[in-house]
Amino acid sequence: MDEPIFTVSHLNSFYGRGKDRRQVLRDVSLTLAPGEALGVVGESGSGKSTLAKCLLGLVTDIEGELAVNSPRPQMVFQDPYGSLNPAKTVGWILEEPLRAAGVKDREERRRRVEEMLSLVELEPEHLKRRPAQLSGGQRQRVAIAAALIQGSRFLVLDEPVSALDVTLQAQIMRLLADLKERLGLSYLFISHDLAVVYQLCDRVAVMTAGQIVEQGDVDEVYDHPRHEYTKKLLAASLALDG
Amino acid sequence: MKRKNWYLTVGAALTAVMAAWTILGFFWTPYDPSARSAADKYALPSLAHPFGCDYMGRDIFSRALEGAGTTLTIAAAVLVIGFVFGLLIGALCGYYGGAADAVVMRLCDAVSAFPSILLALVAIALLGRGKYNIIAALGVLFVPSFARLVRGEFLKQRDRDYVKSAKLMGVSDLRIIFVHILPNTWPVLLSGLTIGFNNAVLAEASMSYLGVGVSPTEPSLGYMLSESQAYLLKAPWFTAFPALVIILLILGVGLVGEGVRGQLGVEP
């Protein structure tokens with residue numbers, strides 16, 4: 001088997017300092033294989049986003065083992081209004097990761113931006129616009145393009161479609177599945193929505209109160225949930241779907 | 001719906017007129033601003049002397065032209081010093097936070113706890129009078145308010161997702177501060193700048209009015225006011241015209257600031 005994208009074992013993480021330091025993640029163990037999409041589900045406050053931030057190095061107060069073997073992992077955030085710099089144009093936002101990676105040649109940057117733009121199904125005319133002039137779906141496409149343009153093959157998707165309406169959700173989910181196929185990407189997909197996780201992911205981990213209570217193949221977990229919490233989540237989402 | 005922004009239009013027009021007035025004053029005045037003429041003492045405004053003459057028979061129109069230049073130069077220099085240092089301190093404190101931030105901001109609090117004119121008076125007493133000493137003293141006093149303004153904006157911006165995203169992409173901290181975050185703070189900084197400009201004009205005028213400003217040979221609007229107070233009843237135009245120039249200067253820039261704020265939807 002190929003080397004895993006990341007390995008986390010017995011990970012504890014903390015927020016705050018001194019007296020206020022409190023534990024968020026408790027004994028979390030998880031791996032992601034190349035080309036795999038792993039869903040992490042749980043209610044808000046369960047530690048899903050903290051797990052993502054640990055993987056990306058945004059949370060540093062941790063104990064346990066954590067190894068990420070993919071260069072420059074990137075993140076796609078939930079709210080595409082906040083994750084794109086409102087003062088800049090789409091062209092600038094897409095070129096900036098290349099500048100940061102030391103691509104000095106302007107033509108080369110332009111070429112790669114255009115390539116990426118067509119991959120996420122946007123038009124060259126969007127390059128001159130600012131995020132405020134784009135729809136939510138277009139914004140999320142720009143965010144995905146910016147995350148991929150440095151050549152990252154591992155993305156953390158933090159509720160990437162939760163802020164979008166249902167039609168746009170379906171389009172972005174299709175795009176994510178498509179990109180995964182074409183570029184051989186690996187995803188850590190964080191969501192509270194079990195239905196979208198089912199669409200995209202191969203495996204799923206269920207989190208509550210900072211712990212992983214169950215993980216396995218999506219079909220297995222959804223059809224034969226073992227933990228009480230998983231059963232409750234599934235029942236709640238079935239109730240919503242009517 | 002787009003309403004016409006009257007503040008911006010009127011403010012920009014007024015500012016343009018006052019800028020033209022000031023620039024004109026650098027190159028041309030109808031009379032030598034310092035030339036005395038015994039015959040024209042307390043002359044009423046007339047065609048020959050549109051603003052009248054003062055107690056030494058000097059042409060107030062010429063003095064107001066040149067005085068606007070002096071006042072504006074000092075105000076602009078004060079603003080540049082206050083803004084540049086305030087920006088650097090505020091941006092670094094706001095972005096990094098921590099103990100250094102706490103210490104620097106308490107220092108700023110300490111400076112702003114005193115009335116700034118009082119501190120400037122102390123500084124002038126130590127340094128001596130003169131244009132450059134005033135600029136230095138007022139400039140330093142303007143730093144804390146800008147630093148606090150900039151810091152507040154950086155605090156708001158630094159936890160936004162676009163900043164996290166830039167960090168993940170390996171963008172350097174300095175580039176994040178000045179290229180990524182700074183442009184998003186301009187709307188607030190611009191209105192802060194216009195308010196700061198007005199305060200700087202008033203501060204220079206107040207200092208000169210108190211007699212610790214520029215040297216008496218150099219006309220400034222504040223110094224003219226200071227001189228005129230003894231003749232308020234005898235020659236009210238001596239007070240009125242320099243005051244009018246100050247009011248129009250401040251009004252124009254103030255309206256532009258208000259207009260910019262309205263245009264960009266920034267809360268005051």
Side-chain angles (χ1 to χ4, degrees), chain A residues 17 49 52-60 68 70-90 92-103 109 130-132 139-140 142-152 154-160 163, chain B residues 1-2 5 83 87 90-91 94-103 149-193 260-267:
Chain A
R17 260 186 244 166
S49 292
K53 285 179 187 162
C54 290
L55 285 169
L56 295 167
L58 294 174
V59 171
T60 48
V68 179
S70 181
R72 289 196 189 283
Q74 296 294 330
M75 183 153 173
V76 175
F77 295 88
Q78 170 173 5
D79 175 19
Y81 289 77
S83 64
L84 302 177
N85 193 331
K88 305 292 184 181
T89 62
V90 170
W92 189 93
I93 290 170
L94 292 180
E95 269 190 62
E96 182 66 2
L98 295 175
R99 276 188 290 262
V103 182
R109 289 201 306 256
R130 281 170 209 280
R139 268 178 247 217
Q140 209 51 306
V142 174
I144 292 168
L148 288 174
I149 203 161
Q150 283 183 334
S152 314
F154 166 41
L155 293 190
V156 173
L157 308 165
D158 188 359
E159 307 259 11
Chain B
M1 186 191 81
K2 183 123 180 145
N5 193 333
F83 184 67
L87 180 67
Y95 185 75
Y96 288 108
D101 169 44
V103 170
L149 181 72
V150 175
R151 175 178 175 271
E153 283 304 295
F154 270 75
L155 268 183
K156 256 190 258 168
Q157 300 281 339
R158 71 165 185 201
D159 291 325
R160 302 276 291 272
D161 286 342
Y162 76 85
V163 176
K164 284 183 201 140
S165 181
K167 274 186 199 161
L168 286 177
M169 284 160 185
V171 181
S172 69
D173 279 0
L174 279 183
R175 190 168 165 86
I176 289 181
I177 290 174
F178 292 108
V179 181
H180 289 242
I181 299 182
L182 188 58
N184 287 298
T185 65
W186 273 131
V188 175
L189 297 198
L190 270 182
S191 56
L193 264 179
V260 166
R261 208 153 50 197
Q263 197 84 345
L264 298 161
V266 187
E267 291 127 48

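Letters A, B, ... are given to chains in the order of the sequence lines, protein chains preceding strands, and every chain is numbered from 1. Values below: all heavy atoms of this structure, side chains included; hydrogens, waters and symmetry mates excluded. Predicted, not measured: the structure shown is a model, and the values here were computed from it.
- At least one donor-acceptor pair closer than 3.5 Å links the side chain of A/Gln150 to the backbone N or O of B/Met169.
- Atom-to-atom distance recorded for B/Asp161:CG and A/Met75:CE is 7.0 Å, nearest 0.5 angstrom.
- Top candidate by heavy-atom pairs under 4.5 Å with chain B, chosen from A/Leu84, A/Asp79, A/Ile149, A/Val76, is A/Leu84.
- The structure places CZ of B/Arg175 at 5.5 Å from CZ of A/Arg99, a figure rounded to the nearest 0.5 Å.
- Of all heavy-atom pairs between B/Leu168 and A/Gln74, the closest is O-NE2, 3.3 Å.
- Nearest heavy-atom pair, A/Ala100 versus B/Val171, reported as atom, atom and distance to 0.1 Å: CB-CG2, 3.8 Å.
- In this structure, the separation between OH on A/Tyr81 and CZ on B/Arg160 is 13.0 Å, given to the nearest 0.5 Å.
- Both the backbone and the side chain of A/Ala146 come within less than 4.5 Å of a heavy atom in chain B.
- Taking 4.5 Å as the limit, some side-chain heavy atom of B/Val179 sits within range of a side-chain heavy atom of A/Lys88.
- In terms of heavy-atom pairs under 4.5 Å with chain B, the best-connected choice from A/Gln78, A/Arg72, A/Lys53, A/Glu96 is A/Glu96.
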